[in-house]
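Presented below is the structure to which this report refers.
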Amino acid sequence: MKLPEDLLPIIKREFVNIQAYGRVINVVTSRGCPGNCIYCSATALSGATYRTRSIESVFMEIVLLKELLKGKMDLVYFIDDTFTAFPERVLKFIDISEKNNLNVPWRCESRIDVMTGELIKSMAEGGCRGIVYGIESGSQEILDKIRKKIDLNHVRNIIKYTCDTGMKLSVNFMIGHYCDTIETMKETVDFIREIYENFGADIALTYNTPYPGTWQYTHRDELGINIITDDYSQFTIVDPIVETKNFTVKDQLDISLKAVHYILNNSPTYEEVI
Ligand code: SF4
């Protein structure tokens, strides 16, 4: 079912001191995600139905931002869970931007499965300066079990296409999935090394954290997940809180140390994303 778009008006940023937010401005064009990854909180936070704004509304928001910031906006960051979920929306945004000389660089988060070389090329030519991909494991078996629905060979191709355009590439991984073993977590570190050595991407490695409301949290007992704390302030993703019969917290810390050389520079600098 397609929901009606634009039930809400464009956010009135003139009511806040937007200059205080810096020169990279976040814009949200959709809520939720059509994906079904078992660890993801998108559905818990945004509802099970993926909803989109019209591209005309998104375009008009950026026009208004340009006017409001009077040249002090360097980049729009589309912080949707998956800006590229429907590639035709992305292409429409590029088209409408070009026809109206918008000239605002942008960056987005994306799912690997919907990406193609053609789409990446269009995005790069249409002002996209960087893409963030969630890959989450270097083991195909684990990716299948966490319902990531991506293929590692496709991942390699998409990363190469993205780098070839000169766009800034950022990739995210996690260890500590319910189905991980010491061996599969090492496969993830091996994959991180491969990406780092071949493409020099910005790489983030965090720990699987079962947030309440996610599928894996609801099914934690049958998945064999032991959450070692009930203090939600420790659900940070930068400290492991999951153990299973196959690994401990210390195992995850030891394995992440093997990747530390490749992930030290995982936060792109302001200059890098502009
Ligand atoms: S693709 Fe990303 S946002 Fe969508 S369900 Fe999976 S992890 Fe969540």
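Treat the numbers as computed from the prediction; the structure is a model and nothing was measured.
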Could you go through the side-chain contact (heavy atoms from CB on, under 4.5 Å) check for K148 and Y39 one step at a time? CA-CA 10 Å; K148 190 68 193 164; Y39 57 84; 3.0 Å; yes
Take I146 and C37 through the side-chain contact (heavy atoms from CB on, under 4.5 Å) test and state the conclusion after the steps. CA-CA 6 Å; I146 63 175; C37 308; 5.9 Å; no
V27 vs R53, side-chain contact (heavy atoms from CB on, under 4.5 Å): CA-CA, chis, key distance, verdict: CA-CA 11 Å; V27 171; R53 292 171 56 193; 4.2 Å; yes
Begin with the C-alpha distance, continue with both residues' side-chain angles, and end with the deciding distance and a verdict on side-chain contact (heavy atoms from CB on, under 4.5 Å) for L45 and D81. CA-CA 11 Å; L45 287 171; D81 288 314; over 6 Å; no
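Side chain of D164 to backbone of Y161: no donor-acceptor contact under 3.5 angstrom is found.
Here D95 contributes atom CG and E88 contributes atom CD; the two are 13.5 Å apart, rounded to the nearest 0.5 Å. A distance of 12.0 Å separates CD in Q234 from CD1 in I227, rounded to the nearest 0.5 Å. Within the model, atoms CG of L64 and CZ of F59 stand 9.5 Å from one another, a figure rounded to the nearest 0.5 Å. Atom-to-atom distance recorded for I18:CD1 and K72:NZ is 12.0 Å, nearest 0.5 angstrom. For the atom pair CD1 (I131) and OG1 (T162), the distance works out to 4.5 Å, reported to the nearest 0.5 Å. How far CE of M60 is from CG of L65: 12.0 Å, rounded to the nearest 0.5 Å.
L257 and Y196 are members of different hydrophobic clusters when ILVMFWY side chains are connected at heavy-atom separations under 4.5 Å. Linking Ile, Leu, Val, Met, Phe, Trp and Tyr whenever their side-chain heavy atoms come within less than 4.5 Å leaves L8 and V28 in two separate clusters. V63 and I11 sit in two unconnected hydrophobic clusters of ILVMFWY residues. Membership requires side-chain heavy atoms under 4.5 Å apart, directly or through other members. V16 and L68 fall within the same hydrophobic cluster, where Ile, Leu, Val, Met, Phe, Trp and Tyr residues are linked whenever their side-chain heavy atoms come under 4.5 Å apart, directly or through other members. The hydrophobic cluster containing I182 also contains I225, counting ILVMFWY residues as joined when their side-chain heavy atoms lie under 4.5 angstrom apart, directly or transitively.
Of all heavy-atom pairs spanning I241 and P210, the tightest one is CD1-CD, 4.3 Å. Considering every non-hydrogen atom in both V242 and G176, the closest pair reads CG1-O, 3.8 Å. Shown here for I62 and L102, the closest heavy-atom pair between the two residues is CG2-CD2, 3.9 Å. Smallest separation of non-hydrogen atoms from L152 and Q140: N-OE1, 2.9 Å. Looking at every heavy atom in both residues, A85 comes nearest to V114 through O-CG1, 3.8 Å. Scanning both residues, R111 and C33, for their nearest heavy atoms gives NH1-SG, 3.6 Å.
Side-chain atoms of D231 and S233 include a donor-acceptor pair closer than 3.5 Å. Using modelled atom types and a 3.5 Å distance limit, the side chains of Y211 and Q216 yield no donor-acceptor pair.
The closest side-chain heavy-atom distance from I175 to F247 is not below 4.5 Å. At a threshold of 4.5 Å between non-hydrogen side-chain atoms, the residues S256 and Y207 count as touching. At a threshold of 4.5 Å between non-hydrogen side-chain atoms, the residues R129 and K168 do not count as touching. Taking 4.5 Å as the limit, some side-chain heavy atom of P240 sits within range of a side-chain heavy atom of V249. E141 is not listed as a side-chain neighbour of C179, based on a closest heavy-atom distance of 4.5 Å or more. A 4.5 Å side-chain heavy-atom check between W106 and I94 finds at least one atom pair inside the cut-off. Contact of the M115 side chain with the T84 side chain is registered, since non-hydrogen atoms from C-beta on lie closer than 4.5 Å. At a threshold of 4.5 Å between non-hydrogen side-chain atoms, the residues I10 and S57 count as touching.
Heavy atoms from other residues, nucleotides or ligands lying under 6.0 Å from CG of N153 number more than 12. Around atom NZ of K258, no more than 12 heavy atoms belonging to other residues, nucleotides or ligands sit under 6.0 Å away.
Just one of I158, I195, N198, L169 meets the side-chain contact (heavy atoms from CB on, under 4.5 Å) condition when paired with C163; it is L169.
In this structure, the side-chain contact (heavy atoms from CB on, under 4.5 Å) partners of E187, at least two apart in sequence or on a different chain, are S139, T184. Residues satisfying the salt bridge (Lys or Arg N to Asp or Glu O under 4.0 Å) test with K250, not counting sequence neighbours, are D254. Applying the salt bridge (Lys or Arg N to Asp or Glu O under 4.0 Å) rule to R220 yields no partners; only residues at least two apart in sequence or on another chain are considered. By the salt bridge (Lys or Arg N to Asp or Glu O under 4.0 Å) test, K92 is found to be paired with E56, residues two or more places apart in sequence or in another chain being considered. With sequence neighbours excluded, no residue forms a salt bridge (Lys or Arg N to Asp or Glu O under 4.0 Å) with D144. Every residue two or more places apart in sequence or in another chain that forms a side-chain contact (heavy atoms from CB on, under 4.5 Å) with N172 is listed here: V132, E136, A204. A search for side-chain contact (heavy atoms from CB on, under 4.5 Å) contacts involving T218 returns nothing, not counting sequence neighbours. Under the ring pair (Phe, Tyr, Trp, His ring centres under 6.0 Å) criterion, Y217 pairs with no residue at all, not counting sequence neighbours. For F235, the ring pair (Phe, Tyr, Trp, His ring centres under 6.0 Å) test picks out Y232, with sequence neighbours left out.
Here side chain to side chain donor-acceptor pair (under 3.5 Å) pairs that include residues 24-34, with residues two or more places apart or in two chains, are T29-D80, T29-R89, S30-Y50, S30-D80. Residue pairs meeting the ring pair (Phe, Tyr, Trp, His ring centres under 6.0 Å) criterion with at least one member in residues 131-160, sequence neighbours excluded, do not occur.
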What donor-acceptor contacts under 3.5 angstrom involve side-chain atoms of residues 117-127, with partners at least two apart or in another chain?
{"residue": "K121", "atom": "NZ", "partner": "E125", "partner atom": "OE2", "Å": "3.1"}
{"residue": "S122", "atom": "OG", "partner": "E118", "partner atom": "O", "Å": "3.1"}

